[in-house]
Amino acid sequence: MGAIRTLLLALAGAGALAAPAAASEDDWPVLKGARLEGLRPWGAFAVYRADRSVTGVSLYLRGAEALARRVETREGVEATVTWATSKSCARLTPVLAELEALPAPRIEVPGVGRQPPAPAASANGDSYLLWAEDARFAAAPYPVQIEVRGEGGSPMAAWVETSLRRVAACWSPVQP
């Protein structure tokens, strides 16, 4: 049933989170790979809420125009796809530019090197994901992909929540 449901939703244009009946982080690879007219996303972010709702956004660049494809679902059903562009939403470009100021996580190797502080408790039961195809090491120009998963209360979670609020009025069901 899950594969048939996923296929039907994908054909209907909602494939970006058209996965299992209960939305889970298993949908994440689909969100990162959702193509738009042959364009691959350069980035994506999502929040998987404790109430089983999901908001995922795939990010594209077409010429000089930033495009965002948002997919929202609750418990994996009734996926709603909406769109925003930098031409129709003046807030989109500054929100995306703020990604460059997001503090980078530091790798902490257990039992080696620095003694990390005790982990903070999650502010909620939500899970946040962020992926960018075009990232760089801080002190070197070498390109890397970066993917981060975090919990409520993290700087990444704050960026996701603030960004979604700032562009809330920008979404349209019309694909650009």
Side-chain angles (χ1 to χ4, degrees), residues 5-19 23-49 51-104 124 126-136 143-150 152 154-176:
R5 184 178 166 282
T6 299
L7 179 60
L8 290 173
L9 285 170
L11 292 172
L17 287 177
S24 71
E25 291 180 19
D26 294 342
D27 307 325
W28 182 236
V30 178
L31 181 68
K32 294 185 327 185
R35 291 186 180 263
L36 169 65
E37 300 168 359
L39 294 174
R40 291 184 57 221
W42 63 261
F45 61 93
V47 56
Y48 293 81
R49 301 210 184 272
D51 69 3
R52 300 178 65 142
S53 64
V54 177
T55 300
V57 179
S58 301
L59 304 166
Y60 307 87
L61 187 63
R62 183 169 57 193
E65 182 181 25
L67 305 165
R69 178 180 191 248
R70 180 181 68 175
V71 179
E72 294 180 298
T73 185
R74 188 179 228 6
E75 297 189 9
V77 297
E78 298 183 27
T80 303
V81 178
T82 52
W83 304 86
T85 73
S86 56
K87 288 182 181 176
S88 64
C89 178
R91 291 184 219 120
L92 183 60
T93 299
V95 161
L96 296 177
E98 289 171 3
L99 273 170
E100 293 180 349
L102 195 62
N124 53 43
D126 299 345
S127 179
Y128 296 82
L129 292 93
L130 173 66
W131 166 76
E133 184 173 75
D134 194 16
R136 301 283 184 273
V144 296
Q145 282 192 22
I146 189 167
E147 182 168 326
V148 182
R149 294 172 186 249
S154 69
M156 178 182 57
W159 177 83
V160 168
E161 295 295 352
T162 299
S163 298
L164 289 172
R165 276 193 304 277
R166 287 179 55 200
V167 297
C170 295
W171 301 104
S172 165
V174 178
Q175 179 178 334

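These numbers come from a predicted model, not from an experiment. Hydrogens, waters and symmetry mates are skipped; everything else that's a heavy atom, side chains included, is used.
Val47 has its side chain within reach of Glu161: a pair of non-hydrogen atoms, C-beta onward, lies under 4.5 Å apart. Proximity of Trp83 to Thr85: side-chain heavy atoms (C-beta onward) are nowhere separated by under 4.5 Å. Using a 4.5 Å cut-off on side-chain heavy atoms (C-beta onward), Pro176 and Arg62 make contact. A heavy-atom distance below 4.5 Å is found between the side chains of Leu130 and Leu102.
Across all their heavy atoms, Leu61 and Ala66 have their closest contact at CD1-N, 4.1 Å. When all heavy atoms of Trp171 and Arg70 are compared, the closest pair comes out as CD1-NH1, 2.9 Å. In plain terms, the two heavy atoms of Thr93 and Ser86 that are nearest each other are OG1-CB, 3.3 Å. Heavy atoms only, all atoms of each residue included: Arg69 and Ala34 are closest at NH1-CB, 3.7 Å. For the pair Leu129 and Met156, the tightest heavy-atom approach, listed with the atom from each and the gap, is C-SD, 4.2 Å. For Ile146 against Ala135, the heavy-atom pair with the smallest separation is CG2-CB, 3.8 Å.
Between Leu164 atom CG and Cys170 atom SG the span is 11.5 Å, to the nearest 0.5 Å. In this structure, the separation between OG on Ser58 and CG on Leu36 is 9.5 Å, given to the nearest 0.5 Å.
Aromatic ring centres of Trp159 and Phe45: separated by under 6.0 Å.
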Show, in sequence, the C-alpha distance, side-chain angles and deciding distance for Glu147 and Arg149, and conclude whether the side-chain contact (heavy atoms from CB on, under 4.5 Å) test is met.
CA-CA 7 Å; Glu147 182 168 326; Arg149 294 172 186 249; 3.4 Å; yes
Could you give me the CA-CA distance, side-chain angles and deciding distance for Glu72 and Val54, then say whether side-chain contact (heavy atoms from CB on, under 4.5 Å) is met?
CA-CA 6 Å; Glu72 294 180 298; Val54 177; over 6 Å; no
Stepwise side-chain hydrogen bond (donor to acceptor under 3.5 Å, both in side chains) check, Glu37 with Tyr60
CA-CA 10 Å; Glu37 300 168 359; Tyr60 307 87; over 6 Å; no
Going through the distances and angles, do Leu59 and Leu67 end up as a side-chain contact (heavy atoms from CB on, under 4.5 Å)?
CA-CA 6 Å; Leu59 304 166; Leu67 305 165; over 6 Å; no
Please assess Val95 against Thr162 for the test side-chain contact (heavy atoms from CB on, under 4.5 Å), listing each intermediate value before the final yes or no.
CA-CA 9 Å; Val95 161; Thr162 299; over 6 Å; no
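Side-chain atoms of Ser53 never come within 3.5 Å of backbone atoms of Arg49 as a donor-acceptor pair (strictly under, hydrogens ignored). At distances below 3.5 Å, at least one donor-acceptor pair connects side-chain atoms of Arg74 with backbone N or O atoms of Asp51. The closest donor-acceptor contact from the side chain of Arg91 to the backbone of Arg166 lies under 3.5 Å.
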